[in-house]
Enquirer: 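First, the structure itself, so that you have it in front of you.
The basis for the numbers below is simple: all heavy atoms, side chains too, and nothing from hydrogens, waters or symmetry mates. The sequence lines fix the lettering, A, B, ..., with proteins before strands; numbering per chain opens at 1. None of these values were measured; they are calculated from a predicted model.
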Amino acid sequence: MAGNNVQIDINNVSKSYPMGAFKVDALKGVDLKISKGELWVVLGPSGSGKTTLLNLIGGIDSASSGRITVGAIEITSLNERDLNQYRRENIGFIFQFFNLIPTLTAGENIELAAELVDKPRDIMAVLSDVGLHDRAGHFPSELSGGEQQRVAIARALAKDPPILLCDEPTGDLDFETGKHILTLIRTINRESEKTVIIVTHNTAIGEIADKLLRLRSGQIVEMKDNPSPIDPDELRW
Amino acid sequence: MKTLRKKLFRDLFANKWLFIAVTIVIFLGVALFGSSFMAFLNLQNSYDYSYEKLGFADFTTKVTSSPPDTVKELERLPGVKAVTGRLNTDIGLSLPQKGGQSLIATAISLPQNSRPQVNDLKIESGDYLSSNDKYGLLLEKSFAEYHNLKPGDSILLDGTAGEIEFITSGIVTSPEYIFPAKSKNEFFASPATWGVIFFSDEVMSELTGNNNINEFCVLVDEDADVDSVIGLFENELAPFGVVEVVTSDEQPSNAGLKMDLQEFGEMAEIFPVLFLFVGAMTTFILLSRIIQRQRNQLGLMRAIGYSRRQVLWHYLSFALVIGIIGSVAGIIAGYLLAESITDLYIGMLGLPYKITGFHWMAMEEGVIIGLLPCLIAGIFPALAASRLRPAAAMRTPPPATGRKPLIEKIFPFVERLSLLWKIPLRNIFRNRRRSLSTILGIVFGTVLILASAGFLDSIDSLFSLQFDQIQKYDARLSFAQPVSQETASAVLDWDGVNEAAPILELPASLEHGNMSFSTLVMGIPPETDLYGLYTPDGNKEALAEGHILLAVAIKEKLGVEPGGPVTVVSPYYKAAFTVDGFVRQPMGSFGYITLEDAQQLVGSQAVISGILLGMDGSAIPGLRNTASQNLDAVAVEITDEIESQMMDLMELIDVIMWIMLGFGVILALMVVFTMITISLVERRREIATMRTLGEGSGRIAAMVTIENLILGIVGLVIGIPLGYAVAVYLMRLVQTDMFSFDLIFYSRTYLLTAGIMIVVMLVSELPGILDLNRLDLAKVTKEQVS
C-alpha cells in the first residue's frame, strides 16, 4: 500500500566521514522521495551506504551536503536541540543488535523511550502487540534473540512515531525468528500506516517491500516499485 | 526520568566493587578532613572557652622585684582591664608519702581569700585556699596525678627557716599549665621531678622571706592594643628591672598547644587534598571507561530522543552518587572520629573545659570538598558523552593505528622477547591513559605510606639522637638555687656514680646584630662525654673558651654564621662569644659554652645549677633516696623515665601516623584495584579470544601480573622520591623553637614500602584474574568491541 504524499524528500545528499587514517565517502549525491505509509527495503553490500542513509533520515548523523526534508521539517538545517526533538517525535529505531539496556527489564527498556513523549502508548499494550506481554519483567539476558528484537520493536512503537527505521533487523536472528520479526514489522506498517525503511544486505527481504532501493558504493544503482509484495512468511533464504 | 534513574542505580550495582572502591577513597578523604577539621574546631573552642573562663593573661611582665602596691598603679593605666601581681619562684619540696622524695616546684602566690582576676584556677577536687588553712596549697593536676596526691595529703616545702608542712587543699588546672611546660626551653618537663604549686601570698612571704612580687599578669580591654599596653607597662616597671614580657602567644603552654592545633589544621588540609585528588582521578578514569563501554547505549539514548543535557546529567550522576555517598558517610565518620580525637586529646592534656558540638559549616565544607572533585572529574567524560553524535556512538570505533611502541624502538631486543613479555609491554603503551592512572595510583599510595613511615622513622631516630647521643647521662640533679661546684665532687662518692659533670644553666637572650632570641645557655665541662654535641653531619663538636655552639634552629633566628659574634645578655651579665658551629638538638634550642665561661658570666663564682651523672644501672633506683638524704632542694631526673614519658607524649603522633599509613595502603589498594579491574574488563574479549586459541589461564594471569608489576615499579620509582619530598615538606611544617627534628628514613622503610605496594598490586589483581577464569568464552568472544 503506497502513499501518495511525499513524506521524506532526500535531495542530492552526500556524506563522508573519517575511518581511522582514511576518509570514507559513504553517500554520494543521493536523491529519493518516500511517501507516507510505504515500506521500503534498502539493499546493498557492506559499505554501500545503506546504514548511513538510514542514520541521516533518522537525524542521528548529519549530511555533508544536500537536503533532507521530513514532512514539513528540513532536518539538514536543524540545530542539535531541534534535531533531538525531531527524533523524539518522528523516529522509531530498530537495530541489528537490538541495543537494549542490559540493566533494564523489557518493560523498563520500553519505558525509557515512552517517557520522552507527552502521549506514549501503554507499555503493556505495546508489549502485547509484539507478543511479549508476559515478559515485561525480564532482563535482556533472560530473553532469546527474537524476543529481544521484539522488545526493541516495542520500544520503537512506544513513542508512536510515524517513521520506523530498521537497520538489519534480522541480521542477528535465525531464519524462522527473522521471518517472524519481518511479519511483525510488516503488520505494523500495514495496520498503523507507519512509514517503514528496512536496511539489509539480505536480497530476499526485498520481496516484502513496496519500494526497493539498491545502493553500491554510496550511490543508488536501482530503485523500483514492487507492485506485489509477498508475505514475509513466504520468504526463503 | 525515572527509568534513567533506575538505569543509573543498576549500572552502579553492576559495577559495585569499582564504585565502592572509588567511593572509599572519597570517604577517606572527607573523613580525614572532617575529623581533623572538626577536632581542630573542638579544641580551639575548648581552649578559647577555658582561657576566657579562667581569665588567661594577655601578657605577663616579669621584673626583678617590685612592691605589691605597684599593682594599683598599673590598674589605672589606659587599656588595662585587670592586673594580678604575684611572686613566682622555684622552691624545693619533698613528698613524705614517697619516702621524702625531693623535687623542685614552680611556686606561685595567690590571694588568700579571693580568686585572682587574671590566670584563675579551676578546682578539679578539694577547695580553694581559705584563711582557715594558712598552710594550705593547691597542686597542678598533672603533677598531683603523677604522684597520686589528693586533697588532705601533706607536702614539705623548703623555706628560709627550714621545712614547713603544707596540706593539699585542692587539685587544680591552670590556663598557664594546660600543657605542663616548665618554660620555653624546658618544654617537656617531667612531673616526676617538677610540678606547679599555688599558695597564699602571705605564706609565700613567710617562706621566702620576700614581701615583694616579680610577675604582673595582665588582661587588656577588648578594644585596647596589647603592644601599646605592654609599652606602658615596660615604662612603668622600668625601675623594678623588667626581665621579660611574655605575651599569651609566647606563653609556653599556650604556644605548645597552638603548635599542636596548627598541626591539626595543616593535617586537615594536606592529606585530604591528596586523597581527594586521587579520588577525582579514579572517578574520572572509571567514568570515562564506563562511558566508553556504554557508547552503544548512549548512542541509543540520543537516537530515541534523549537530549544532550539528559545524557550529560545521567553520566554526571555516577560521579555525583560517588561524591554524595563518599562525602556524607565521610563527614559522619569524620564527626564521630573528631569526637574521639577531642576526647583523647583533652583527656591526655587535662584541658579544664571541653566544648564540642556540631560544626555545620565544617560539615557543609566536607560535603562540598568531597563532591567538588567528583563533579570536576565527572563533568569532562559526561560532557564528552553528551557531545557524541548518536551514529558515531553506535559505530564500532576503528582500531587504533598499529605502530611499534617507543620501548621497542629504543630497545630492539624487546621485539625478540617471547609473547609472555611482549604482550604486557605492548599493553602498557597501547592505552597510555590507563597505564598512567595505574602508575599514579601506585605513586600516591607510595607517597602516603612513605611520608607517614618517614615520620615514624624520624620520631624513632629523634629518640635515638636525644637519648643515645645527646643525653648520654643516666640521671641529672637539678638545684632550685645555684650550689657550689664542690657538690659535684661529693656526688662522685655516692654508690654507683661513675661520673659527675657539673653544669650551669643560665636564662639569657642571644643577640646578633638587631636579632635576638631568648633561651637557655648551658655551661658544660668540655671534657665530659655525658652530654653529646653533634653537627648535622654527625661530627662531634668540642666546646672552647670564648666560643659558643648553637642549636641548628637558632641559626635562622639570629641569621648568624660560624665565626660570627653572638652576645649573651641577661639583666645580670653580658658577654660576647664567637659562634663555633651549630649542633643538632631535637628538643629545645640552646646555646652551649664551657662551664668556666658560664661561671665567669655570673661573676666568676664556682657555682653550678645541676650535675649530670654516669651511673651503674643497679644504683639508679636508689638515687632519689640518696639525693634527698644528702642534698637540699634537689630534683632527680632519671633519663630512662624521661624517655618513657616522651614516648607516651609521642603516642598520639604515632597513632596518627600509623592511621595515615593504613589509609595509604587502603588508598593504593582501592586505586590499583579500580585500574586493574577496569583494564581487565576492557580486555575481556581479547583475553577470551586468546583463551579460545588455547592460551592457558595461568599464562594469561602471568601476563597480567607482568604488566602490573612493570607499572608498579615505574610507580615506585616516581613515588619514592615524591614521598620523600612530601615528608620534607610536612617536616618543615612541624618544626618549632621547642621541637625540631631531622627527617630520617631507614633503608628498611624503602624496602617495606616497595614490598607493601607490590603486595597491594598482587592482591588488587586477584579478583580480576579470578573473574577471567570464569569467562563464558562463547559469549564474550561475540561481544561488540568497545
Enquirer: Between Ser307(B) and Asn84(A), do the side chains contain a donor N or O and an acceptor N or O under 3.5 Å apart?
Expert: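 No - no donor-acceptor pair under 3.5 Å links their side chains.
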Enquirer: In terms of the angle between their ring planes, are Phe95(A) and Phe93(A) parallel, tilted or perpendicular, with boundaries placed at 30° and 60°?
Expert: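 The rings of Phe95(A) and Phe93(A) lie parallel, inter-plane angle below 30°.
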Enquirer: Salt-bridged, Lys15(A) to Asp61(A), with N to O below 4.0 Å?
Expert: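 Here Lys15(A) pairs with Asp61(A) in a salt bridge, since their nearest N and O are under 4.0 Å apart.
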Enquirer: Please classify the contact between Asn55(A) and chain B as side chain, backbone, both or neither, with a heavy-atom cut-off of under 4.5 Å.
Expert: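 The answer is the side chain of Asn55(A).
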Enquirer: Is it the backbone or the side chain of Glu89(A) that comes under 4.5 Å from a heavy atom of chain B, or both, or neither?
Expert: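 Answer is neither: Glu89(A) stays 4.5 Å or more from chain B.
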Enquirer: Salt bridge between Arg426(B) and Glu707(B), side-chain N to carboxylate O under 4.0 Å?
Expert: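 Looking at Arg426(B) and Glu707(B), the cut-off is not met.
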Enquirer: For chain A, which candidate among Gly299(B), Ala14(B), Pro390(B) shows the most heavy-atom pairs at distances under 4.5 Å?
Expert: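 Ranked by heavy-atom pairs under 4.5 Å with chain A, first place is Pro390(B).
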Enquirer: Between Ile91(A) and chain B, which part of the residue has a heavy atom less than 4.5 Å away: side chain, backbone, both or neither?
Expert: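 Interface part for Ile91(A): neither.
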Enquirer: Please classify the contact between Leu83(A) and chain B as side chain, backbone, both or neither, with a heavy-atom cut-off of under 4.5 Å.
Expert: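 Answer is side chain: those atoms of Leu83(A) sit under 4.5 Å from chain B.
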Enquirer: Hey, which of Gly59(A), Ala113(A), Ser62(A) has the most heavy atom pairs under 4.5 Å with chain B?
Expert: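 Highest number of pairs under 4.5 Å: Ser62(A).
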Enquirer: Please classify the contact between Arg155(A) and chain B as side chain, backbone, both or neither, with a heavy-atom cut-off of under 4.5 Å.
Expert: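 Only the side chain of Arg155(A) comes within 4.5 Å of chain B.
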Enquirer: Could you check whether Lys16(B) makes a cation-pi contact with Phe19(B), meaning its NZ or CZ is under 6.0 Å from the centre of the six-membered ring and within 45° of the ring axis?
Expert: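 Judged by the rule (NZ or CZ under 6.0 Å from the ring centre, within 45° of its axis), Lys16(B) is not positioned above Phe19(B).
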Enquirer: For residues Thr195(A) and Glu38(A), is any side-chain donor paired with an opposing acceptor at under 3.5 Å?
Expert: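 Side chains of Thr195(A) and Glu38(A): no pair found under 3.5 Å.
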